[in-house]
Amino acid sequence: MMQAIGTLERAVGRLEQDVARLAAVTPPSPPQNSTPDMDVDGARAALRSLDELIADLKGRTIG
């Protein structure tokens, strides 16, 4: 279980770095009728949720 949690933590860490890198790149303004390629706020919220899940799982396996 702890090995799986470690793997999840590393994957989330890589995703967080990717989101930060992609957010730092200023894409050209999309045409008004199209949607953006990535929802940065949504991606960050999803990563926070995964971080919370990992913390919860760690608490369950330690105690």
Side-chain angles (χ1 to χ4, degrees):
M1 181 70 149
M2 291 305 291
Q3 186 177 11
I5 291 171
T7 301
L8 277 173
E9 285 182 312
R10 288 187 297 279
V12 169
R14 286 190 302 270
L15 285 171
E16 288 172 335
Q17 291 173 355
D18 289 346
V19 168
R21 184 177 40 82
L22 289 171
V25 176
T26 308
S29 299
Q32 289 186 0
N33 291 340
S34 74
T35 59
D37 289 338
M38 184 176 82
D39 176 4
V40 174
D41 291 334
R44 285 186 177 136
L47 290 171
R48 276 192 302 274
S49 177
L50 284 172
D51 282 339
E52 291 170 6
L53 174 61
I54 290 169
D56 183 47
L57 288 172
K58 277 185 168 180
R60 291 182 187 189
T61 58
I62 293 171

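The residues of the chain are indexed from 1 along the displayed sequence. The figures here come from the full heavy-atom set of this structure, side chains too, leaving out hydrogens, waters and symmetry mates.
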Checklist entry - Considering only heavy atoms from C-beta outward, does the side chain of Asp51 approach that of Val12 to under 4.5 Å? => result yes
Checklist entry - Is Thr7 reaching over with its side chain to a backbone N or O of Gln3, donor-acceptor style, under 3.5 angstrom? => result yes
Next on the checklist: Measuring only between side-chain heavy atoms, which start at C-beta, is Leu47 closer than 4.5 Å to Arg44?
Outcome noted: no
